[in-house]
Amino acid sequence: MEFLSLAVFGFLIVVSPGSDFVLVLKNSMAKGRTAGMLTALGIALSICVHSSYSIFGISHLISQNIFLFNAIKYIGALYLIYLGICGLFASKTQISEQHVKQPHQTAGKYVMQGFLCNLLNPKTMLFFLSVFSQLLTTDNSTLGFVIVYGLYIALLHGIWFSLLSFVVTSKGSSNIFQRFGQRINQLCGAGLVSFGAALLASKQL
């Protein structure tokens, strides 16, 4: 698969609204830009964890059971299509603003909030297993590239959510996200369906 298509796919992964999206927005609006950016850092660190166990777990599986590995590749492609369909029919993203004062929290607590929100999300676990099962080959010749791609996804999460925190703390910007949240979901959903369908049609699957 070409790097450009993978880069675009990575972007779709990041911008698709979900629990991480809502947490960064809430922390940013309630406690300020720094809190939101620290939450973004925690999310990026969690992505590194997901990438690591997905990459090396699947690599081990390849060496043990090729049939099971191929089955996971098909299931993974179908799962991506399922996520895309859910995005296409998603309702409008609701974000409740919390401007009330809250007890002071240390930087580490915001990082941990983002880290745990992403790490403990079972959908995120399944998603990364699905994606990396498509990229690894039976001879592990793509292992180096897949590791770099995992770091790229983590970096992209950190940049996107930090930018989101910066923008949402600007006056009146949260209304934009409320207005276009459903359209963002649908656009990302269409991209995921297309990606999954292309994987099913690929001879390399």
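As the structure is a prediction and not an experimental result, all values here were calculated from the model.
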Review point. When you measure from the side chain of S133 to the backbone N and O of S130, does any donor-acceptor pair fall under 3.5 Å?
Key: yes

Should V148 and V8 be regarded as members of a common hydrophobic cluster, given that ILVMFWY residues are connected when their side-chain heavy atoms come within less than 4.5 Å of each other, either directly or indirectly? no

Item to complete: Check whether any side-chain N or O of S28 sits under 3.5 Å from a backbone N or O of V24 as a donor-acceptor pair, and report yes or no.
Response: yes

Problem set entry | Shared hydrophobic cluster for F128 and F145 (ILVMFWY, side-chain gaps under 4.5 Å) | yes

Rounding to 0.5 Å, atoms CG (L38) and NZ (K109) come to a distance of 13.5 Å

CE of M112 to OG1 of T106, rounded to nearest 0.5 Å, is 9.5 Å

Taking the side chain from S165 and the backbone from F161, do they hold a donor-acceptor pair closer than 3.5 Å?
no

Path from I153 to V15 over hydrophobic side-chain contacts below 4.5 Å
yes

query = Are F11 and F132 connected in a single hydrophobic cluster, I mean Ile/Leu/Val/Met/Phe/Trp/Tyr linked by side-chain heavy atoms less than 4.5 Å apart?
reply = yes

Taking the side chain as C-beta and beyond, is there a heavy-atom pair between V111 and T39 under 4.5 Å?
-> no

Please list every donor-acceptor pair under 3.5 Å in which a side-chain atom of residues 49-57 meets a protein atom from a residue at least two apart or in another chain.
residue : atom : partner : partner atom : Å
H50     : ND1  : Y53     : OH           : 2.6
H50     : NE2  : N118    : O            : 3.1
H50     : NE2  : N118    : OD1          : 3.2
S51     : OG   : I47     : O            : 2.9
S52     : OG   : C48     : O            : 2.8
S54     : OG   : H50     : O            : 2.7

Could you tell me whether the side chain of M37 reaches within less than 4.5 Å of the side chain of Y110, counting heavy atoms only?
no

CD1 (I43) and CG (L116) are apart, to the nearest 0.5 Å, by 11.0 Å

Between T169 and G32, is there a donor-acceptor pair closer than 3.5 Å when you use the side chain of the first and the backbone of the second?
-> no

Determine whether a donor-acceptor pair (N or O, by modelled atom type, separation under 3.5 Å) exists between the side chain of Y152 and the backbone of A7. yes

Separation between CG (L164) and CZ (R33), nearest 0.5 Å, reads 11.5 Å

So CD1 of I147 and CG of L143: to nearest 0.5 Å the spacing works out to 4.0 Å

Minimal heavy-atom distance between V146 and L136, with the atoms involved, is CG2-CD2, 3.9 Å

Going only through I, L, V, M, F, W and Y residues with side-chain contacts under 4.5 Å, is there a path from L155 to F166?
no

Distance col, row N27:CG vs T34:OG1, nearest 0.5 angstrom, shows 11.5 Å

